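Have a look at the structure below, then the notes.
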Amino acid sequence: MHWPVTRECTRVWIPDPDEVWRSAELTKDYKEGDKSLQLRLEDETILEYPIDVQRNQLPFLRNPDILVGENDLTALSYLHEPAVLHNLKVRFLESNHIYTYCGIVLVAINPYEQLPIYGQDVIYTYSGQNMGDMDPHIFAVAEEAYKQMARDEKNQSIIVSGESGAGKTVSAKYAMRYFATVGGSASETNIEEKVLASSPIMEAIGNAKTTRNDNSSRFGKYIQIGFDKRYHIIGANMRTYLLEKSRVVFQADDERNYHIFYQLCAAAGLPEFKELALTSAEDFFYTSQGGDTSIEGVDDAEDFEKTRQAFTLLGVKESHQMSIFKIIASILHLGSVAIQAERDGDSCSISPQDVYLSNFCRLLGVEHSQMEHWLCHRKLVTTSETYVKTMSLQQVINARNALAKHIYAQLFGWIVEHINKALHTSLKQHSFIGVLDIYGFETFEVNSFEQFCINYANEKLQQQFNSHVFKLEQEEYMKEQIPWTLIDFYDNQPCIDLIEAKLGILDLLDEECKVPKGTDQNWAQKLYDRHSSSQHFQKPRMSNTAFIIVHFADKVEYLSDGFLEKNRDTVYEEQINILKASKFPLVADLFHDDKDPVPATTPGKGSSSKISVRSARPPMKVSNKEHKKTVGHQFRTSLSTQQIVKILNLYTPLNEFEERVTVAFIRTIQAQLQERNDPQQLLLDAKHMFPVLFPFNPSSLTMDSIHIPACLNLEFLNEV
């Protein structure tokens, strides 16, 4: 490391176990080859600080006092971890500024309190202003996106990322409120109010209290706000990613299930909800595992009223709202059903008088005896015979939990679909701004499949961040021939490869899920055998079932228990068929799939635990491939080929066209265009450089999966 200043009084940063970094200054000149530095700390303590001569690792230099507190980190002479942290600390503690720029990135510190800096007057203050002319603010970033969309006629995206509890959801809401205010609809449709009304609904069904955050988003969402030629909002569309379904059936200590369950229990005393048969949240297994069911400063009944008002504003009829609440209540009843193990240990039963099961079946409009039977039995189908087999207590509990998760996930998807219908417009969309609010990096005492997926998503986002802040910025400097020392930034591609490459962690997990007697322990052993040499993978000393991944943000130890079960996400078909036969249309619609064949009649309950039924060799059922895909596979697909990363690569370019299309790819397309006698220059025409939207990594994509807006009239590219 080259040190520009080596004289006495030079100020440096040294690591500290308590304060992370401490300031010190040299009391003696440093000469190359010295094995230590003579330092004086701020409390006047004299310290001899050893230097690793072989690696030549010297302490980080401090910035001059005149630069400390700058509102843009890129203005600092030295930009490294202690300088960044110190600058943020000074701005936050001494000037009460929660926002700081880092070039095009806005760094926000969560103050964990409401600040008076988000009113309508503040929005109008930032409207029309340049980003660098105003104090750093989420509204400045939103204005920059709005202005670039209007001025350059380019679609924009804002990425809101950070660790759990950093304030991402609130930041995304403020950005959306900014667009709703400055881009208010010209008509009387009040579409901007509907866009904002989606927030309380999505928070109710998708947010929960964790140990890190009282209102943690347990899903990712990308909201695309559409504008007309005059840049007024005309509609919006939302995509969601990886809802944490396991939270429906399990919560760790001091955590809660999704807010909607507690909101509904808080409103149980209302006359219109008497038929839901709900009581306090403490009375239900699915809402009481975390201990305290309340959140300090939160009134669940009041929030529920806001949720209902938002549903009404989005045009969800009272009857549909009641159907939604019935389904949510039914899940609570299902979780409290008493399952009795028989003496043989291989079978179970549920009392026909179980009040929770009766309420579950009544609220969903399904046959009680059928559900009672198929909660404790499963069907095995061979080419010639069908068996009905009993299940052990643990198998029944797993199947019951899987059913509860599936019901909630289907309802979640239905609500998102209906929000999108309410926000849809028939008007022609001229441009859009996307806001990506995705779960932050997580590490808890016990980390499982959900944290693994969340942290994998954050690795992909970090790669995107690196590409924009370092790689593209530096290439811009080199192109302009500006003197510049290349920053050796952290490349997390090896960690991503460990997870998603061939025979990576996800591949081995899917492989183990296909093995008839595959176990979490066997999978963990395969990981040790295959990846022990990886610098991003470690085996804990005291465990044969856990593994450590060295992520960009931290080392995280994952417990392999439950990975296979969560990845398979098995729901038994017999239970789904009962729900498809519900007398309530909304319930039946939730589980009917166009791809599904017409369900066969569900056989009645038999006296024997193992029934052999001779088959007349019916035609083989068409397999539903989508249903068989593992959760890990679906999530990897959503991250790579069709959703998050593709969206960001397409709509947040710094260097536009050439950054996302390889030369070989252009030549291939041009060759095929020539064969069709189409104009060669189209792909290189300046007007079409950005809208032709080819992805960053074409080798992993087919032409079918590339989204090309219809308004560009480039349908032939799909055919190519």
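No hydrogens, no waters, no symmetry mates; every other heavy atom, side chains included, goes into these values. For this chain, numbers begin at 1 and follow the sequence in order. Computed from a predicted model, the values in this text were never measured in an experiment.
- Side chains of Ser217 and Thr169: a donor-acceptor N/O pair is present below 3.5 angstrom, by distance only.
- Between Phe441 and His551, the two ring planes are perpendicular [angle over 60°; tilted spans 30° to 60°].
- In this view, Tyr572 satisfies the ring-ring contact (aromatic ring centres under 6.0 Å, His included) rule with no residue, not counting sequence neighbours.
- Across Ser582 and Leu364, no two heavy atoms sit closer than the pair OG-O, 2.5 Å.
- A donor-acceptor contact under 3.5 angstrom links the side chains of Ser347 and Asp344, judged on distance only.
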**OP:** Any chance you could lay out the side chain to side chain donor-acceptor pair (under 3.5 Å) test for Glu367 and Ser369, step after step, and finish with the verdict?
**Re:** CA-CA 6 Å; Glu367 196 178 323; Ser369 60; 3.1 Å; yes
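- Tyr286 and Gln251 share no side-chain donor-acceptor pair at under 3.5 Å.
- Judged as a salt bridge (Lys or Arg N to Asp or Glu O under 4.0 Å), and not counting sequence neighbours, Asp354 has no contacts.
- When all heavy atoms are compared, the tightest approach of Val416 to Met238 is CG1-O, 4.1 Å.
- With hydrogens and angles left out, the side-chain atoms of Asp300 and Gln263 include no donor and acceptor closer than 3.5 Å.
- With respect to the salt-bridge test (charged N to carboxylate O, under 4.0 angstrom), the residues Lys221 and Asp437 qualify.
- Between the side chain of Gln321 and the main chain of Val316, a donor-acceptor pair closer than 3.5 Å is present.
- Aromatic ring centres of Phe273 and Phe304 lie closer together than 6.0 Å.
- Between Ala277 and Asn359, the shortest heavy-atom contact is CB-ND2, 3.7 Å.
- When all heavy atoms of Cys513 and Arg568 are compared, the pair lying nearest together is O-NE, 3.3 Å.
- With sequence neighbours left out, the salt bridge (Lys or Arg N to Asp or Glu O under 4.0 Å) criterion links Lys539 to no other residue.
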**OP:** Show the numbers, then the answer: is there a side-chain contact (heavy atoms from CB on, under 4.5 Å) between His424 and Asn237?
**Re:** CA-CA 7 Å; His424 179 73; Asn237 184 268; over 6 Å; no
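- Using cut-offs of 30° and 60° for the angle between ring planes, the Trp374 and His377 rings count as perpendicular.
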Original post:
Given Phe261 and Tyr408, is the ring pair (Phe, Tyr, Trp, His ring centres under 6.0 Å) satisfied, shown in steps?
Top reply: CA-CA 11 Å; Phe261 290 108; Tyr408 192 79; 5.4 Å; yes
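- Side-chain contact check for Lys566 and Ser246: no donor-acceptor pair (N or O, by modelled atom type) lies under 3.5 Å.
- Between Arg212 and Glu442, no side-chain nitrogen of the basic residue sits less than 4.0 Å from a carboxylate oxygen of the acidic one, so the salt-bridge criterion is not met.
- Ser349 and Glu342 form a side-chain donor-acceptor contact under 3.5 Å, judged by distance and modelled atom types alone.
- Shown here are the side chain to side chain donor-acceptor pair (under 3.5 Å) partners of Lys245, two or more places apart in sequence or in another chain: Asp569.
- For Arg218 and Tyr258, the positive end is not near the middle of the six-membered ring at less than 6.0 Å and at most 45° from its axis.
- Below 30°, between 30° and 60°, or above 60°: for Phe591 and His406 the angle between ring planes is between 30° and 60°, a tilted geometry.
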Original post:
Going through the distances and angles, do His259 and Asn215 end up as a side chain to side chain donor-acceptor pair (under 3.5 Å)?
Top reply: CA-CA 9 Å; His259 296 323; Asn215 189 32; 2.9 Å; yes
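- Side chain of His333 to main chain of Leu276: a donor-acceptor pair is present (N/O by atom type, distance under 3.5 Å, no hydrogens or angles).
- Applying the salt bridge (Lys or Arg N to Asp or Glu O under 4.0 Å) rule to Arg400 yields no partners; only residues at least two apart in sequence or on another chain are considered.
- Across Gly562 and Asp520, no two heavy atoms sit closer than the pair N-OD2, 2.9 Å.
- Applying the salt bridge (Lys or Arg N to Asp or Glu O under 4.0 Å) rule to Asp254 yields the partners Lys209; only residues at least two apart in sequence or on another chain are considered.
- Two rings, from Trp523 and Phe547, have their centers less than 6.0 Å apart.
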Subject >> side-chain contact (heavy atoms from CB on, under 4.5 Å) between Val515 and Asn522, worked out >> reply: CA-CA 10 Å; Val515 177; Asn522 287 348; over 6 Å; no
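- When all heavy atoms of Gln575 and Ala399 are compared, the closest pair comes out as OE1-O, 3.9 Å.
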**OP:** With ring pair (Phe, Tyr, Trp, His ring centres under 6.0 Å) as the test, would you mind laying out the steps for Phe219 and Phe412 before giving the verdict?
**Re:** CA-CA 11 Å; Phe219 70 107; Phe412 183 90; 5.3 Å; yes
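- In this structure, Glu450 does not pair ionically with Arg247, as no charged nitrogen and carboxylate oxygen lie closer than 4.0 Å.
- With rounding to the nearest 0.5 angstrom, the OG1 atom of Thr443 is 11.5 Å from the CD1 atom of Ile454.
- Look at Lys526 and Asp507 and you find no salt bridge, because none of the NZ, NE, NH1 or NH2 atoms lies under 4.0 Å from a carboxylate O.
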**OP:** Start with the C-alpha distance between Tyr558 and Asn455, add both sets of side-chain angles, then the distance that settles side chain to side chain donor-acceptor pair (under 3.5 Å), and finish with yes or no.
**Re:** CA-CA 11 Å; Tyr558 299 98; Asn455 293 342; 2.9 Å; yes
Subject >> Test side chain to side chain donor-acceptor pair (under 3.5 Å) applied to Glu282 and Thr293, step by step >> reply: CA-CA 7 Å; Glu282 285 104 343; Thr293 60; 3.3 Å; yes
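- The main-chain N or O of Ser448 is found under 3.5 Å from a side-chain atom of Gln451 such that the two form a donor-acceptor pair.
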Original post:
Passes side-chain contact (heavy atoms from CB on, under 4.5 Å), Cys376 versus Ile350? Steps please.
Top reply: CA-CA 8 Å; Cys376 298; Ile350 298 170; 3.8 Å; yes
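- For Lys379 and Tyr387, the positive end is not near the middle of the six-membered ring at less than 6.0 Å and at most 45° from its axis.
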